[in-house]
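Single-structure report; data block below.
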Amino acid sequence: MPELAEVEYVARQLRENAIGATISTVNIVWPRAISHPTPEIFAAELVGRTITGIDRRGKLLLVALGRPHPVASREPCPPSADGVGEIEEEGWVTVHRRMAGNLRLLMAEEPDERYLVVDIRLADGRRLQYSDPRKFGRLAFWHADELPQALAEYGAEPLAADFTAARLAAILRGRSRALKPLLLDQARIAGLGNIYADEALHRAGLHPLRQADTLTPAESARLRDAIVTVLELGIAHGGTTFGRHQGLFGEAGRNVDYLLVYRREGQPCATCGTPIQRIVVAQRGTRFCPRCQPE
DNA sequence: CTATAAACCTGCTGGC
DNA sequence: TGCCAGCAGGTTTATA
């Protein structure tokens with residue numbers, strides 16, 4: 001599930017529902033899921049802190065943690081527009097769901113998630129649970145001054161204002177790699193995964209094996225627009241869900257109904273009717289329309 | 001720099 | 001129904 005669109009969708013839900021909540025206990029069911037610093041320190045650092053903001057970088061979810069002001073103001077501080085209130089950030093939890101991880105916010109009476117990996121109890125009785133049947137996903141805690149090292153390897157943010165056609169053209173320039181592995185390279189563009197890479201290439205009319213530095217300016221502009229479009233559509237549809245839930249409350253994303261090529265091999269292309277083809281590129285199943293996306 | 005394979009894990013689906 | 005092969009939304013590491 002979790003590519004940029006699915007992470008962004010959950011980030012928005014968390015921003016609406018979890019900011020201001022205080023963590024009372026942390027139970028780590030599968031310790032290897034904590035990648036930094038150690039499971040024990042992770043748990044100890046979280047307890048007593050309050051969720052002050054939610055952010056995202058590529059497929060990585062960022063949860064800002066702080067402590068309420070020790071003194072005074074009787075008024076609870078309302079979160080500001082960027083999700084950060086009058087509480088000082090002291091650290092961050094990062095969540096990478098990899099292939100199959102899910103984040104759920106459970107009401108007090110709801111049963112535990114299946115495949116539970118980390119259970120975070122909130123002071124109001126709700127639980128924030130990370131579950132993951134494949135156990136590929138990772139959580140970490142970073143002090144505020146350590147966060148940059150956690151984000152150091154990420155490339156362009158596709159939904160940021162500076163992700164222009166010129167920016168993408170600069171990324172493609174001088175690279176002999178095929179487009180598909182380049183789009184999946186998080187150090188170049190952060191957040192595209194197998195679904196949205198295939199969908200973006202299809203919308204741009206580009207073959208997945210096309211060499212990156214052979215695109216014309218018009219083609220790279222088309223690709224930039226296609227990337228932004230597929231991601232925004234994915235977010236608007238609540239993400240793409242194949243198996244289990246992926247929203248914060250267990251709801252399935254509806255974007256699967258809008259995919260044009262991903263997992264549609266053999267079915268007719270919506271544009272030209274040619275059967276969608278599947279090949280393997282960089283160990284990943286890759287779908288495209290051989291007519292709309294000529295090599 | 002680029003490419004390829006394997007590893008990390010488990011669940012699900014389709015074929016026989 | 002049972003078993004096996006193949007596939008899966010991602011990343012890291014080792015090897016050419």
Side-chain angles (χ1 to χ4, degrees), chain A residues 1-10 29-36 56-61 94-103 113-118 130-140 149-155 158 171-201 208-214 227 230-231 233-235 237-247 252-266 276 278-287:
Chain A
M1 288 158 236
E3 302 184 28
L4 186 154
E6 289 70 37
V7 179
E8 176 64 23
Y9 180 70
V10 167
V29 178
W30 201 70
R32 280 157 68 185
I34 307 302
S35 62
H36 180 91
R56 178 193 56 72
R57 185 79 172 88
K59 302 170 190 171
L60 195 64
L61 178 75
T94 56
V95 182
H96 199 306
R97 293 155 63 192
R98 297 278 178 97
M99 294 283 268
N102 267 305
L103 211 50
E113 279 289 89
R114 205 174 166 191
Y115 312 116
L116 182 60
V117 169
V118 176
Y130 178 75
S131 62
D132 189 346
R134 291 185 72 175
K135 299 178 178 166
F136 282 171
R138 294 292 182 265
L139 287 76
Q149 83 186 64
L151 307 180
E153 300 299 313
Y154 287 99
I171 291 170
L172 302 178
R173 197 168 301 138
R175 308 210 169 254
S176 61
R177 302 174 84 179
L179 285 175
K180 175 71 185 275
L182 185 63
L183 292 184
L184 293 178
D185 184 347
Q186 304 299 300
R188 310 307 305 179
I189 301 170
L192 288 177
N194 213 26
I195 299 174
Y196 295 91
D198 280 4
E199 293 295 313
L201 287 169
L209 291 176
R210 179 78 176 275
Q211 205 177 304
D213 57 8
T214 66
I227 290 168
V230 297
L231 291 174
L233 280 176
I235 297 166
H237 293 141
T240 304
T241 301
F242 286 107
R244 292 187 194 291
H245 54 66
Q246 53 97 27
R254 292 165 285 109
N255 197 238
V256 66
D257 297 331
Y258 300 86
L259 299 178
L260 298 177
V261 291
Y262 187 77
R263 288 207 195 176
R264 295 183 61 89
E265 54 267 37
I276 300 301
R278 178 186 185 276
I279 59 175
V280 175
V281 179
Q283 295 183 294
R284 311 300 300 278
T286 298
R287 286 80 170 183

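Below, chain A is the first sequence line, B the second, and so on; all start at residue 1. Just so it is clear, the values below take in all heavy atoms, side chains as well, and ignore hydrogens, waters and symmetry mates.
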Touch class at under 4.0 angstrom, heavy-atom based, for A:Arg287 against every strand present: sugar-phosphate
Out of B:dT10, B:dA6, C:dG9, whichever nucleotide has its closest atom nearest the side chain of A:Lys135: B:dT10
Which nucleotide in C:dG10, C:dG9, B:dG11 has an atom nearest any side-chain atom of A:Tyr115: B:dG11
Integer-rounded Å distance: B:dT10 P and A:Asp132 CG: 10 Å
Separation of atom CG in A:Asn102 from atom C1' in B:dT10, rounded to whole Å: 14 Å
Nearest-angstrom distance from the residue atom CD of A:Glu3 to C1' of C:dA8: 12 Å
Rounded distance [0.5 Å steps], CG in A:Leu259 versus CD in A:Glu199: 4.5 Å
Sugar-phosphate, base or nothing in reach of A:Arg175, heavy atoms under 4.0 Å: sugar-phosphate
Under 3.5 Å: donor-acceptor pair, side chain of A:Arg56, backbone of A:Val7: no
Rounded distance (Å) that lies between atom P of C:dT11 and atom CD of A:Glu153: 13 Å
Phosphate contact (C:dG9 OP1 or OP2) by A:Tyr262 side-chain N/O below 4.0 Å: yes
Given DNA chain C, 5'-ward residue of the pair A:His96 and A:Glu265, judged by closest heavy atom: A:Glu265
A:Arg97 CZ to B:dC8 C1', straight-line distance once rounded to whole Å: 19 Å
Crowding at CD, A:Gln149 (>12 non-hydrogen neighbours, <6.0 Å): yes
Per-pair stack call A:Phe136 and C:dT11, 5.5 Å, 30°: no
Between C1' of C:dC7 and CZ of A:Arg264, the distance in whole Å: 19 Å
A:Arg177/A:Asp185 salt bridge by N-O under 4.0 Å criterion: yes
Under 4.0 angstrom between A:Arg138 side-chain N/O and C:dT12 OP1 or OP2: no
First of A:Gly174 and A:Gln283 reached from the 5' end of DNA chain B, by closest nucleotide: A:Gly174
Distance below 4.0 Å between A:Arg278 side-chain N/O and C:dA8 OP1 or OP2: yes
side-chain N/O A:Arg134 vs B:dG11 OP1/OP2, d < 4.0 Å: no
Worked check of side-chain contact (heavy atoms from CB on, under 4.5 Å) between A:Tyr262 and A:Val230: CA-CA 12 Å; A:Tyr262 187 77; A:Val230 297; over 6 Å; no
Base-pairing assignment for C:dG9 (Watson-Crick or G-U wobble, both under 3.5 Å): none
Sugar-phosphate only, base, or nothing, as touched by A:Gln186 at under 4.0 Å among non-hydrogen atoms: sugar-phosphate
Nearest-neighbour nucleotide for the A:Arg177 side chain, B:dT2, C:dG9, C:dG10 considered: B:dT2
Nearest-angstrom distance from the residue atom CZ of A:Arg57 to P of C:dG10: 17 Å
P spacing across the pair C:dG6 / B:dA5, given as an integer number of angstrom: 16 Å
Between C:dG9 (C1') and A:Leu192 (CG): distance, integer Å: 13 Å
Under 3.5 Å donor-acceptor, A:Glu6 side chain and A:Gly238 backbone: no
Selected nucleotide, minimal atom distance to A:Ser176 side chain, candidates C:dA8, C:dG9, B:dT2: B:dT2
